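From a predicted model like this one, the values you see are computed outputs, not experimental measurements. Note that ligands are numbered from 1 as they come in the structure, with each ligand's atoms numbered from 1 the same way. Worth knowing before you read on, the calculation uses all heavy atoms, side chains too, and leaves out hydrogens, waters and symmetry mates.
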Amino acid sequence: MSRTWVTPGGVHPPENKHQSLTQPIGQLPIPEKLIIPLSQHIGAPATPCVEIGQQVLKGQVIAQAAGLVSIPMHAPSSGTISAIEHRPIAHASGMLAPCIEITTDGADTWIEHQGISDYEHITPSKLIEMVGNAGISGMGGAGFPSAVKLNPGRQRPIDTLIVNATECEPYITADDSAIRERAGEIVEGIKILSAILDHPTNIMIGIEDNKPEAIAALAPHVEDSGISVVVFPTKYPSGGEKQLIYILTGKELPAGKLPADEGIVCINIGTTYAIKRAVIDGEPLISRVTTVTGDAVGTPRNYDTLIGTPVRHLLEHNQFDGQAGGRVIMGGPMMGFTLPSADVPIVKTTNCILAPSYAEIPDDDPAQPCIRCGMCAEACPVSLLPQQLFWYAQAEEHDRLEAHNLFDCIECGACSYVCPSNIPLVQYYRAAKGDIRKAREEKVKSDHARERFEFHKERIEQAEREKEAKRAARREATQQAKADHLAATANGGAAPSAPATASPAGAVPTSSAADIIAAAQARAAAKQANPEDQRAKLERTIASAEQRLKMAEEKLAEAINEDSGKQDKLSAAVENTRQKLEQSKSKLAELAE
Ligand code: SF4
Ligand code: SF4
């Protein structure tokens with residue numbers, strides 16, 4: 001039996017998982033409309049490559065990845081593109097974001113697709129490309145593009161692969177039910193990951209001891225495979241990346257370091273299933289298992305849900321009782337958020353829709369003043385000081401928040417859960433993080449603007465200095481010529497002729513100089529008027545901008561991977577280059593009209 005380590009803090013809220021595990025994973029009727037947000041992941045939003053009115057097949061690419069840290073989107077079912085516009089997305093603020101709407105035709109016709117079974121004979125880079133093309137991003141957390149995570153670079157060899165099957169948040173059973181029913185395919189996905197990562201020495205599936213059926217389902221598939229199933233005591237939160245790495249390896253990741261820096265890749269178990277489907281079956285990520293639970297739904301259970309399915313569709317097919325429950329939560333009760341509308345779609349990271357009754361999860365009581373009991377600090381799995389963070393967040397003391405490692409907070413909600421004063425601590429931390437990020441972005445922008453202004457000013461001053469130097473040289477030449485002329489006249493000889501190239505300041509150009517200038521102007525005007533030249537010039541500009549964009553994106557991906565602190569600056573550079581590229585492209589398009 002593998003050794004495990006115990007993380008600090010943590011809580012034991014009621015699990016409430018059994019309710020949704022009484023039924024097998026269900027299928028829903030295909031919704032009439034599917035809404036696919038272009039950004040369901042960390043990185044640049046995908047770029048639509050379809051038009052309104054276009055017919056699409058299930059699995060067809062409808063939006064391309066826009067750079068290295070991005071993923072493509074695929075049609076989850078066949079139908080017609082009926083809108084490309086901003087729609088409400090899964091966000092606590094109810095914000096709108098660009099989406100593609102598909103009006104489905106009910107036929108669910110697949111595009112031609114093919115996978116490969118002998119992946120052992122395929123190079124890791126080709127396998128990573130397949131994962132990227134399938135639009136796979138982490139399905140258990142923030143949605144980091146998996147192809148980027150699986151490519152940590154030669155300088156960071158991976159010796160440990162951790163598959164996260166913890167699913168520690170109450171109510172959620174999406175991974176548990178998937179393991180029970182799809183253990184064979186999940187283990188196949190882990191073997192593909194092992195091939196991609198050059199067969200790490202340690203491959204572990206980390207799972208809590210409250211999932212005995214899932215553990216039993218994995219057992220026959222991991223036999224003699226070199227994969228160990230490591231079971232550890234249930235405690236919330238054990239599923240955070242840093243927490244799980246500590247539990248399984250005893251290694252503490254220093255702040256600002258990535259698992260890859262320690263030779264570790266940590267991946268959600270749902271993602272391994274998606275990777276198996278992508279490589280062996282040739283299917284992109286177009287559906288996921290989502291738990292629908294809470295006392296306000298008729299039959300809590302898990303569904304294989306098409307990405308883009310409106311939450312309303314899930315609720316309507318599950319006898320949702322709006323009178324019994326007031327709110328619908330995306331995610332679990334600890335880390336989830338209340339949806340402002342049931343029209344938002346399921347995305348690649350949606351593991352749960354929770355519709356609790358009023359009695360089950362009552363509305364929060366009003367917050368009371370902090371009594372300095374210290375219970376929040378005891379519960380924190382990252383050993384932060386939540387009470388201090390709360391004060392600094394209230395006072396908007398950003399420097400102190402950063403000094404107290406606000407960005408190490410995993411927003412698990414354990415501190416809020418134990419707080420006897422009902423202070424919504426996590427909400428303060430989320431807001432403070434948002435404010436700090438915004439301030440950083442603004443600083444990058446203003447630094448950028450200041451640099452541009454200073455560069456422009458320096459260029460003008462330099463041009464002025466050069467002009468002045470030329471004027472001085474011309475004055476000197478004129479005076480010299482006059483002196484020579486006077487000297488020659490005094491000597492009774494002929495005056496030397498002026499050099500052909502020198503023309504005193506303010507003098508009318510000689511006819512030959514005027515001819516040269518006129519010819520140059522005519523050439524410039526002809527070039528300006530010649531669309532072929534303009535097109536060629538724009539094409540050159542576009543090619544060079546594309547190259548610059550690629551390089552900038554590579555640097556950004558590297559910075560994200562290394563968490564070097566340059567992400568904001570590089571992100572601004574990528575955006576800047578992308579805008580210039582778009583401008584050149586639209587000029588070229590105008591020229592073609
Ligand atoms: S648990 Fe609540 S009341 Fe107690 S110290 Fe923390 S913030 Fe204050
Ligand atoms: S939300 Fe943040 S501060 Fe609170 S317990 Fe979790 S990690 Fe600690």
Side-chain angles (χ1 to χ4, degrees), residues 5-15 92 140-142 164 166-172 208 233-247 251-259 266 329-338 349 351-352 361-437 563:
W5 282 257
V6 179
T7 50
V11 290
H12 292 89
E15 290 181 11
N164 190 344
T166 312
E167 197 164 54
C168 58
E169 188 155 2
Y171 284 94
I172 308 174
E208 288 185 330
T234 300
K235 178 171 79 170
Y236 178 84
S238 300
E241 196 169 63
K242 286 189 177 183
Q243 284 65 44
L244 185 59
I245 288 172
Y246 182 74
I247 290 168
K251 286 184 185 172
E252 278 185 71
L253 274 191
K257 287 282 175 194
L258 288 172
C266 189
I329 296 166
M330 188 171 272
M334 304 294 280
M335 294 183 77
F337 57 90
T338 301
T349 50
N351 52 8
C352 181
I361 303 185
D363 287 343
D364 294 333
D365 287 333
Q368 303 294 322
C370 169
I371 55 168
R372 304 182 185 211
C373 63
M375 285 169 73
C376 49
E378 275 174 37
C380 180
V382 195
S383 304
L384 298 177
L385 297 170
Q387 178 194 355
Q388 260 93 337
L389 289 174
F390 167 57
W391 291 335
Y392 297 142
Q394 273 188 314
E396 297 184 5
E397 292 191 46
H398 291 178
D399 289 347
R400 289 196 159 172
L401 282 167
E402 292 204 57
H404 279 73
N405 302 315
L406 172 70
F407 282 90
D408 281 355
C409 166
I410 57 169
E411 299 177 18
C412 65
C415 51
S416 310
Y417 179 76
V418 296
C419 177
S421 295
N422 293 316
I423 301 172
L425 296 163
V426 195
Q427 289 179 24
Y428 281 94
Y429 308 150
R430 278 193 196 132
K433 282 183 188 177
D435 289 348
I436 292 174
R437 285 198 188 101
D563 202 16

* To do: Pick whichever of V426, N405, I410 has a heavy atom sitting closest to atom 7 (S) of ligand 2.
  => I410

* Identify the protein heavy atom lying closest to atom 8 (Fe) of ligand 2, giving its residue, its atom name and the separation to 0.1 Å. => C380 SG, 2.4 Å

* To do: List in chain and number order the residues that pass side-chain contact (heavy atoms from CB on, under 4.5 Å) with M330, two or more places apart in sequence or in another chain; answer none if no residue qualifies.
  => A90, V311, F337, L339, V344, T350, I353

* Is the closest heavy atom of P381 to ligand 2 under 4.0 Å? -> yes

* Smallest separation among heavy atoms of C376 and Q387, with atom names -> SG-N, 3.8 Å

* Structure fact -> Note: ligand 2 atoms sitting under 4.0 Å from heavy atoms of Y429 are 3 (S), 4 (Fe)

* **atom 4 (Fe) of ligand 2: the protein heavy-atom neighbour that sits closest, reported with distance to 0.1 Å** => C415 SG, 2.3 Å

* Structure fact -> Note: ligand 2 atoms sitting under 4.0 Å from heavy atoms of G413 are 1 (S), 6 (Fe)

* **Listed partners of T7 passing side-chain contact (heavy atoms from CB on, under 4.5 Å), at least two apart** => K235, Q243, Y246, I247

* Minimum-distance protein heavy atom relative to atom 2 (Fe) of ligand 2 -> C409 SG, 2.4 Å

* Asked: Looking only at heavy atoms, which two atoms of A379 and V11 are closest? And how far apart?
  -> CB-CG1, 4.0 Å

* Asked: Do H398 and D435 come within less than 4.5 Å of each other through their side chains, counting heavy atoms only?
  -> yes

* Structure fact -> Rounded to the nearest 0.5 angstrom, the OH-OG1 distance for Y236 and T166 is 12.0 Å

* Asked: Is the distance between atom 8 (Fe) of ligand 2 and the nearest N/O/S atom of C412 smaller than 2.8 Å?
  -> no

* Between atom CG of L401 and atom CG of L389, what is the distance when rounded to the nearest 0.5 Å? -> 6.0 Å

* **Shell of protein N/O/S atoms around atom 4 (Fe) of ligand 1, taken as anything under 2.8 Å** => C373 SG

* Structure fact -> Smallest heavy-atom separation, K251 atom then I245 atom, equals O-CG2, 3.8 Å

* Heavy-atom pair of closest approach, residues C266 and L244 -> SG-CD2, 4.3 Å

Show every donor-acceptor pair shorter than 3.5 Å between a side-chain atom in residues 403-430 and any protein atom, with sequence neighbours excluded, or say none if there are none.
unit_1 : atom_1 : unit_2 : atom_2 : d
H404   : ND1    : R400   : O      : 3.1
E411   : OE1    : R430   : NE     : 2.9
E411   : OE2    : K433   : NZ     : 2.9
S416   : OG     : L425   : N      : 3.4
S416   : OG     : V426   : N      : 3.3
S421   : OG     : P369   : O      : 2.9
Y429   : OH     : P386   : O      : 2.7

* **Per-atom contacts of ligand 2 with V382, taking only distances under 4.0 Å to non-hydrogen atoms** => 7 (S)

